[in-house]
2 protein chains.
Amino acid sequence: MFSKACEHGIRAMIYIATQSTAGRRVKLGDIARHSGSPEAFTAKVLGALSKAGLLESLKGPAGGFGIDNAAKISLKSIVQAIDGDRLFKGCALGLLECDASKPCPMHHKFGAMRDGLNDMLESTHLEELATGLKSGASFLLR
Amino acid sequence: MFSKACEHGIRAMIYIATQSTAGRRVKLGDIARHSGSPEAFTAKVLGALSKAGLLESLKGPAGGFGIDNAAKISLKSIVQAIDGDRLFKGCALGLLECDASKPCPMHHKFGAMRDGLNDMLESTHLEELATGLKSGASFLLR
DNA sequence: TTAATTTAGGATAATTTTGTCCGAAATAAA
DNA sequence: TTTATTTCGGACAAAATTATCCTAAATTAA
Ligand code: SF4
Ligand code: SF4
């Protein structure tokens, strides 16, 4: 469904969100450890998210990563920043274009599914996921 | 969403289904041409589907591939034969197990989505897709 | 200014997925 | 039996994804 890069990115973002109160920064090492991702690869993914404006980063001692507005960051914006639009725009059967006027055989059935996925990712924000994690209702490592 | 192998496989199966009346066989070359897939790779995928019992194959002249019971073959059985269970059982965030008693932060939101996908793939059968394609309501090439 | 810390980014490596090639095996017809 | 046709299967190649490594740049504090 999502690429590994995207899975790493989402887990990292959720963890960062749990730690980002009052402009606090988290270091890459902590993020990797708490989200169960390889450190160097996580750095790459965070770079992309940072460039997309979903994440603040600061170099040097007392530097690290932080999220200002977890309530405003949707899962969709994260997925889009890492995996692009393929999940939202691409054809289920891999046809070059997804065109309702010349639909592939799965067009109708798949469209509903994809809209559901889209809505879910658009309406889910980092804050609620981070809250669940902080409260112990959900987990990032296993 | 689906792997390339799976996309090729589904397209091939739909085309074969359109041609499989009265035990008629279709040759690999025709399948590849009409489903827009590379021939040799398609052979690999069809091999897997054949081994999974979703497809009859016969060697030699007048041989080829055919589908007996398109009405009984669900999309899910095809996806499962090629991509395995990852889409149905794997964790959205890549955690090793998907366990409702120790859920990942996306568990609830994602579960609904995945159930929807599962139902759609289970309830969609080759026959209806082939019918749409034969009637000109949908297309395989673009 | 110097040293320590931490992200940024490019080069490289490993792995997985995708795709190709070719000979062997099966089948049917001549 | 011989020949032509077609799938089968393994080896191989290419490309994409995932992951690591190392140096540079920025920042802070001593
Ligand atoms: S099924 Fe239709 S809408 Fe869905 S990807 Fe294919 S062409 Fe696009
Ligand atoms: S969100 Fe829950 S159900 Fe979905 S994959 Fe993760 S652990 Fe499994």
Side-chain angles (χ1 to χ4, degrees), chain A residues 1-13 16 19-20 23-33 35-67 79 81-84 86-87 90 93-94, chain B residues 1-13 16 19-20 23-33 35-67 79 81-84 86-87 90 93-94:
Chain A
M1 176 80 71
F2 307 118
S3 68
K4 287 288 173 196
C6 199
E7 291 176 356
H8 293 324
I10 296 173
R11 292 203 309 275
M13 289 292 278
I16 297 169
Q19 304 297 311
S20 288
R24 186 166 158 223
R25 310 278 167 163
V26 207
K27 280 177 291 186
L28 176 62
D30 288 334
I31 297 168
R33 199 163 335 106
S35 65
S37 298
E39 185 168 320
F41 194 27
T42 301
K44 282 283 144 66
V45 176
L46 292 184
L49 292 169
S50 175
K51 199 145 59 180
L54 302 176
L55 187 61
E56 326 304 316
S57 78
L58 196 67
K59 291 178 184 175
F65 296 89
I67 291 173
V79 173
I82 301 172
D83 281 352
R86 92 183 150 74
L87 202 52
L93 295 189
Chain B
M1 175 83 68
F2 307 118
S3 69
K4 287 289 173 195
C6 200
E7 292 176 357
H8 294 322
I10 296 173
R11 291 203 310 274
M13 289 292 277
I16 297 169
Q19 305 298 310
S20 289
R24 185 166 158 224
R25 309 279 166 162
V26 207
K27 281 177 292 186
L28 176 62
D30 288 335
I31 298 168
R33 199 163 336 107
S35 66
S37 297
E39 186 168 320
F41 195 27
T42 302
K44 283 281 144 65
V45 176
L46 292 185
L49 292 169
S50 175
K51 198 146 58 180
L54 302 177
L55 187 60
E56 325 305 316
S57 78
L58 195 67
K59 292 179 185 174
F65 297 89
I67 292 173
V79 173
I82 302 173
D83 281 351
R86 94 184 148 74
L87 202 50
L93 294 189

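So that the names make sense, note that chain A is the first sequence line, chain B the second, and so on, each numbered from 1. No experiment lies behind these values; they were computed from the predicted model shown.
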Check B:Leu49, B:Leu28, B:Leu58, B:Asp30 against B:Phe65 for a side chain to side chain contact (heavy atoms under 4.5 Å, CB included) and give me the one that passes.
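Per the side chain to side chain contact (heavy atoms under 4.5 Å, CB included) rule, the option paired with B:Phe65 is B:Leu28, out of B:Leu49, B:Leu28, B:Leu58, B:Asp30.
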Report the distance from atom [atom1] of [X] to atom [atom2] of [N], rounded to the nearest whole Å.
X	N	atom1	atom2	result
A:Ile31	C:dA8	CD1	P	10 Å
B:Lys27	C:dA26	NZ	P	21 Å
B:Phe65	D:dT5	CZ	P	18 Å
A:Glu39	C:dT6	CD	P	11 Å
A:Asp83	D:dT17	CG	P	9 Å
B:Arg25	D:dC8	CZ	C1'	15 Å
A:Arg11	D:dT18	CZ	P	12 Å

Quick check: do [X] and [Y] have side-chain heavy atoms less than 4.5 Å from each other?
X	Y	result
A:Phe2	A:Leu87	yes
B:Leu54	B:Ile67	no
B:Met1	B:Glu7	no
B:Ile82	B:Ile10	no

Atom pair CG (B:Leu46) and CD1 (B:Ile31), whose distance is rounded to the nearest 0.5 Å:
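If I round to the nearest 0.5 Å, the distance is 5.5 Å.
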Rounded distance (nearest 0.5 Å) linking atom OG of A:Ser57 with atom NZ of A:Lys51
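NZ of A:Lys51 is found 11.5 Å from OG of A:Ser57.
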For DNA chain D, the residues among residues 41-60 of chain B that have a non-hydrogen atom under 4.0 Å from it
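Within residues 41-60 of chain B, the residues near DNA chain D are B:Lys44, B:Ser57, B:Leu58, B:Lys59, B:Gly60.
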If a pair satisfies side chain to side chain donor-acceptor pair (under 3.5 Å) and one of its residues is in residues 35-50 of chain A, list it, with sequence neighbours excluded.
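Of all non-adjacent pairs touching residues 35-50 of chain A, those that pass side chain to side chain donor-acceptor pair (under 3.5 Å) are A:His8-A:Ser37, A:Arg11-A:Ser37.
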B:Gly29 near the nucleic acid: base, sugar-phosphate alone, or nothing, with a heavy-atom cut-off under 4.0 Å?
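Result for B:Gly29 = nothing.
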Would you mind telling me which of D:dA19, C:dT18, C:dT5 lies closest to the side-chain atoms of B:Ala5?
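Side chain of B:Ala5 sits closest to C:dT18.
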What string of B, S and - do you get for nucleotides 12-17 of chain C, 5' to 3', if B is base contact, S is sugar-phosphate-only contact and - is no contact with any protein heavy atom under 4.0 Å?
------
Donor-acceptor under 3.5 Å (A:Asp83 side chain, A:Ser3 main chain)
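Such a contact is found between A:Asp83 side chain and A:Ser3 backbone.
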